[in-house]
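Starting from 1, each residue takes its place in the sequence as its number.
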Amino acid sequence: MQQTNGERITVALRAHDPVSQAGVASQLRTRPEVAIIDWDESHAPQVAVVVLDVLDDDAQRVLRQIQRTSTARGVLVITRIDEQQLVNAAECGFVGIVRRAETTPERLVQVISAVAQGDGHVPPDLLGSLLEHVGKLQGQVLAPRGLNFTGLAAREIEVLRLVAEGYDTADIAMKLSYSERTIKNVLHAVMTRLSLRNRSHAVAYALRQGLI
């Protein structure tokens, strides 16, 4: 196993068979951008890479278990995947999807790096289907409840917009007719739910998501 340092992305691997596990591990061990760590190590990996042939029910249970028990972001290397399976993977937190036939070491490291930074990667021919699903989810399920796909409520977005414009807590409370305690609670809830470090990080997140 490679030793980690502050610059490498720590990656844990799980494959449906030993040959696949060894093959992907050998691709990554030569790359200076990443470091392979064991699943049972005390330090959680930044990215979990799972290698599968198909995303059947058993495989989905594995992805959900990883989502429940780890803070790692997910990358799925898979032989075959269709539109519904893509949505199922995304719902399990695996937002980096690469077909095995396209998995060169360079491509895999690119996807791992993107996912570690909070971005995603989807095969281009399936992207349209994913966006259509997201649009239906937004319009039919979230919007009627005052939410968007990020899970932020309209009030939370408005508070972040005012923070981005330079207003302090007292000013925001006055503008929105809330108490200062309520504004602080809103910001704390957003930062806790989305694992954001501070107000600046929260504003940067909202900007990246196109919310403000």
Would you please test His121 and Ile97 for side-chain contact (heavy atoms from CB on, under 4.5 Å) and show each step? CA-CA 6 Å; His121 175 86; Ile97 313 295; 5.7 Å; no

Decide whether a cation-pi geometry holds between Arg161 and Tyr167; the criteria are a distance under 6.0 Å from NZ or CZ to the six-membered ring centre and an angle within 45° of the ring axis. no

Ile183 versus Val159: any side-chain heavy-atom pair under 4.5 Å? yes

Hey, does the side chain of Arg8 reach the backbone of Pro32 with a donor-acceptor pair shorter than 3.5 angstrom? yes

So CG of Leu76 and CG of Leu86: to nearest 0.5 Å the spacing works out to 9.0 Å

Given side chains that start at C-beta, do those of Ile112 and Leu28 come closer than 4.5 Å, heavy atoms only? yes

Close side-chain approach of Leu176 to Leu162, heavy-atom, < 4.5 Å: yes

Name the residue from Met174, Glu180, Arg181 that meets the side chain to side chain contact (heavy atoms under 4.5 Å, CB included) definition with Thr169. Glu180

Please confirm whether the backbone N or O of Ala114 pairs with a side-chain atom of Gln117, one donor and one acceptor, at under 3.5 Å? no

Would you check if Lys175 and Asp171 make a side-chain contact, meaning some heavy-atom pair closer than 4.5 Å? no

Please report the shortest heavy-atom distance between Gly93 and Gln67, naming the atom on each side. N-NE2, 3.6 Å

When rounded to the nearest 0.5 Å, the distance separating CZ of Phe94 from CD1 of Ile66 is 4.0 Å

Ser113 side chain to Val109 backbone, donor-acceptor under 3.5 Å: yes

Working for side-chain contact (heavy atoms from CB on, under 4.5 Å), residues Arg14 and Val62: CA-CA 10 Å; Arg14 181 171 294 176; Val62 171; 3.9 Å; yes

Identify the two heavy atoms, one from Glu156 and one from Val186, that lie closest to each other, and give their separation to 0.1 Å. CG-CG1, 3.8 Å

Evaluate the side-chain proximity of Leu13 to Gln21: yes if any heavy-atom separation is below 4.5 Å, no if none is. yes

Could you check whether any side-chain heavy atom of Pro45 comes within less than 4.5 Å of a side-chain heavy atom of Ile37, counting everything from C-beta outward? yes

List the steps and the verdict of side-chain contact (heavy atoms from CB on, under 4.5 Å) for Val111 and Val77. CA-CA 10 Å; Val111 175; Val77 180; over 6 Å; no

Between Val47 and Ala116 the two heavy atoms that sit nearest each other are CG2-CB, 3.8 Å

Which heavy atom in Ala59 sits nearest to a heavy atom in Leu52, and how many Å separate them? CB-CD1, 3.6 Å

Heavy atoms, side chains only, cut-off 4.5 Å: are Leu108 and Val24 in contact? yes

To the nearest 0.5 angstrom, please state how far the CD1 atom of Ile36 sits from the OG atom of Ser26. 9.5 Å

Side chain proximity check, Leu196 to Asn198, heavy atoms < 4.5 angstrom: no

Is it true that the side chains of Ser20 and Asp17 contain a donor and an acceptor less than 3.5 Å apart? yes

Salt bridge or not between Glu106 and Arg31? Use side-chain N to carboxylate O under 4.0 Å. yes

Could you measure the distance from the CD1 atom of Ile78 to the CD atom of Gln85? Nearest 0.5 Å is fine. 6.0 Å

Taking all non-hydrogen atoms of both residues into account, name the closest pair between Gln60 and Cys92 and its distance. O-SG, 4.2 Å

In this structure, CD of Glu91 is separated from CG of Leu63 (nearest 0.5 Å) by 11.5 Å

Nearest heavy atoms of Arg107 and Val98, plus distance in Å: CG-CG1, 4.0 Å

What distance do Arg100 atom CZ and Thr79 atom OG1 have between them, rounded to the nearest 0.5 Å? 4.5 Å

